[in-house]
Amino acid sequence: MNFSQSVPQPSNNIHCAEEKPRACGMVIFGASGDLTFRKLLPSLFSLFANGYLPDNFFLLGFARTQMRDEDFRQRIKDKLSANVSEAGQALDKFVELCHYQADDYQDAQAYERLNHKLRQLSRRYDVQDNLLFYLSMPPSMYQPILEQLGQNGLLDEGGEQSPWRRVIFEKPFGHDLPSSRHLETVLASNLKEEQVYRIDHYLGKETVQNIMILRFANSVFEPLWNRRYIDHVQITVAEDIGIEHRAGYFDSTGLLRDMFQNHLLQIMALIAMEPPVSFAADHVRDEKVKLLNSVHPLNPGELPEQVVRGQYSEGRINGEPVPAYRQEEGVEPESMTETFAAMKLFIENWRWKGVPFYLRSGKRLAARASEAVIVFKEVPHSIFHPLESEDLQANTLKMRIQPQEGVCLGIQAKRPGPKLCLGNLNLSFRYEDVFQKAAIDAYARLLLDAMLGDQTLFLRSDNIDIAWQLLTPILEDWRQGRQSSLPLHFYAAGSETGPEAADNLLNIDQRSWLPYT
Ligand code: BG6
């Protein structure tokens, strides 16, 4: 039974606050690449079409591929008109704001040309020299680009932050703790922390932000949000896709770095952190760091009880046969790279002591679904003889991140019929049923926030560092190759839960993974 048939209506009591950013220009390094056309340009266009971009704005794409402004604009049009429904005239206006510079990232003179061009564009569009740079580049390019920008004065801010200069960085933030620390020294020697915007696009998802709203804009959950009432927490980020055409990146990265170091630990931090003093960037980020600092470090001797790694073998997704990971184009035939990981973590503080957090993520699982489930404790005593308390299903609060974004509270309820007739019932709400307005895309949210100077949904350097510290024992264990204490378990592509060992992680605690929907 599902109460969602009677769709709750949004009330008039809605508080929406969205500022419009001040005039600015944006420069994308790596402008001819996949991310630019797949995510950045559609997001910028949707901001433009919805009136969220500053009135005075321009975009400059910078990349090695030879193109003139007209070619760049045509590519944008071709790409966006195929995928964006509201294209039309707005798209013509949007591409007029787009410019392009074909140049070499390593050539010092390219940056003089860039500086010159930016001065011209800044005057033409009257953006008061406010500049947002987006580095859609491998981390090895950060240093040369930042140094050149710095030498040309393009990272200098004025007094009172006017003009402002900000730089957005894409993950991966290093490959491990030492490389991440090295990267941070590069950033710190060229920029102030207030100028650095490290993207974890999960934080830009409405439903991830809703974790904070649900917890801290309601009073019903907080009294229950602790070890007294919560049995355990499950976080799942499942994907049915494989590695697409990213073998070059993925085979040397693996799922732990790709998904856990950022997305899963961030979701866990939002679920478990203490209430921040306010929704201001550093208050939220302080609490997340404090929480991640409280995670009990993984002990090398105990890894087999807490961590599982897996890799998909061939199988079927939606009835179609798909190859094994090792047969994917560009993947080493003996690759040990994990496409699945699961782990059990404990948080050592008064709120969570003894409550396991089970996290899992994998490629080529049965479906695409990201969700976090709070599993409450069973009732302490059943008055419904002959039912025992363990016969009554424990309450669950499921936060659905995607797809079918929403929230679902599982409760026990009386069923029509005999006097003692009860069962599980889902009080569930889906964004798409309730709100006509489509959610603002994660990248659009984050680009807008960077223009607004709001770092709340971006990662701070100490956050990145602590996440790497947590994963280091696992990475070190895996580095030992055959001596590793964590075998690579295979699972058939299309399986719901990944390798059997991931089930055992919970079974040993008399628990099991809840199906994701
Ligand atoms: C990215 C990972 O950060 O997130 C990808 O690099 C993954 O491997 C993607 O597929 C998942 O994002 P989403 O928004 O589709 O859940």
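First listed ligand is number 1; within each ligand, the first listed atom is number 1.
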What do the steps show when you test Asp176 against Ser179 for side chain to side chain donor-acceptor pair (under 3.5 Å), and what is the final call? CA-CA 6 Å; Asp176 51 17; Ser179 58; 2.6 Å; yes
Provide the number and element of each atom of ligand 1 under 4.0 Å from a heavy atom of [X].
{"X": "Arg368", "answer": "13 (P), 15 (O), 16 (O)"}
{"X": "Gln402", "answer": "13 (P), 16 (O)"}
{"X": "Lys171", "answer": "1 (C), 2 (C), 3 (O), 6 (O)"}
{"X": "Lys205", "answer": "13 (P), 14 (O), 16 (O)"}
{"X": "Glu239", "answer": "7 (C), 10 (O), 11 (C)"}
{"X": "Asp258", "answer": "2 (C), 5 (C), 6 (O), 8 (O)"}

Pick one: which of Arg285, Arg198, Gln266 meets side-chain hydrogen bond (donor to acceptor under 3.5 Å, both in side chains) with Asn463?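 Testing Asn463 for a side-chain hydrogen bond (donor to acceptor under 3.5 Å, both in side chains) against Arg285, Arg198, Gln266 leaves exactly one candidate, Gln266.
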Worksheet item: So is there a nitrogen or oxygen of Ser370 less than 3.5 Å from a nitrogen or oxygen in ligand 1?
Response: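 So ligand 1 has no N or O lying under 3.5 Å from an N or O of Ser370.
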Output yes when the distance from some N or O of ligand 1 to some N or O of Lys363 is under 3.5 Å, and no in every other case.
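Looking only at distances, the answer is yes, because the N/O contact criterion of under 3.5 Å is met.
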- Is it true that Arg309 and Asp477 make a salt bridge, defined as a side-chain N closer than 4.0 Å to a carboxylate O?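 Salt bridge flag = no for Asp477 with Arg309.
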Between Gln480 and Glu476, is any side-chain donor less than 3.5 angstrom from a side-chain acceptor?
no
* For atom 4 (O) of ligand 1, what is the nearest protein heavy atom, given as residue, atom name and distance? ->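 Looking at atom 4 (O) of ligand 1, the protein heavy atom closest to it is His201 CE1, 3.3 Å.
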Please list the nearest protein heavy atom to atom 3 (O) of ligand 1 with its residue and the distance rounded to 0.1 Å.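 Going atom by atom, the protein heavy atom closest to atom 3 (O) of ligand 1 ends up being His263 NE2, 2.7 Å.
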Exercise for the section: Taking the side chain as every heavy atom from C-beta outward, state whether Leu446 and Asp200 have any pair of such atoms under 4.5 Å apart. Expected result: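 No, every pair of side-chain atoms sits at 4.5 Å or beyond.
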- request: May I ask you to check whether His296 and Phe346 place their ring centers less than 6.0 Å from one another?
  value: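 Ring-ring flag for His296/Phe346: false, centres at least 6.0 Å apart.
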Close approach, Tyr202 and ligand 1, non-hydrogen under 4.0 angstrom
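Checking ligand 1 against Tyr202, which is what was asked, there is a heavy-atom contact under 4.0 Å.
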Item to complete: May I ask you to establish whether Arg364 and Tyr325 are in a cation-pi arrangement, using a distance under 6.0 Å from NZ or CZ to the six-membered ring centre and at most 45° from the ring axis?
Response: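 Not flagged: Arg364 not positioned over aromatic ring of Tyr325.
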Do other residues, nucleotides or ligands put more than 12 heavy atoms under 6.0 Å from the CZ atom of Arg38? yes
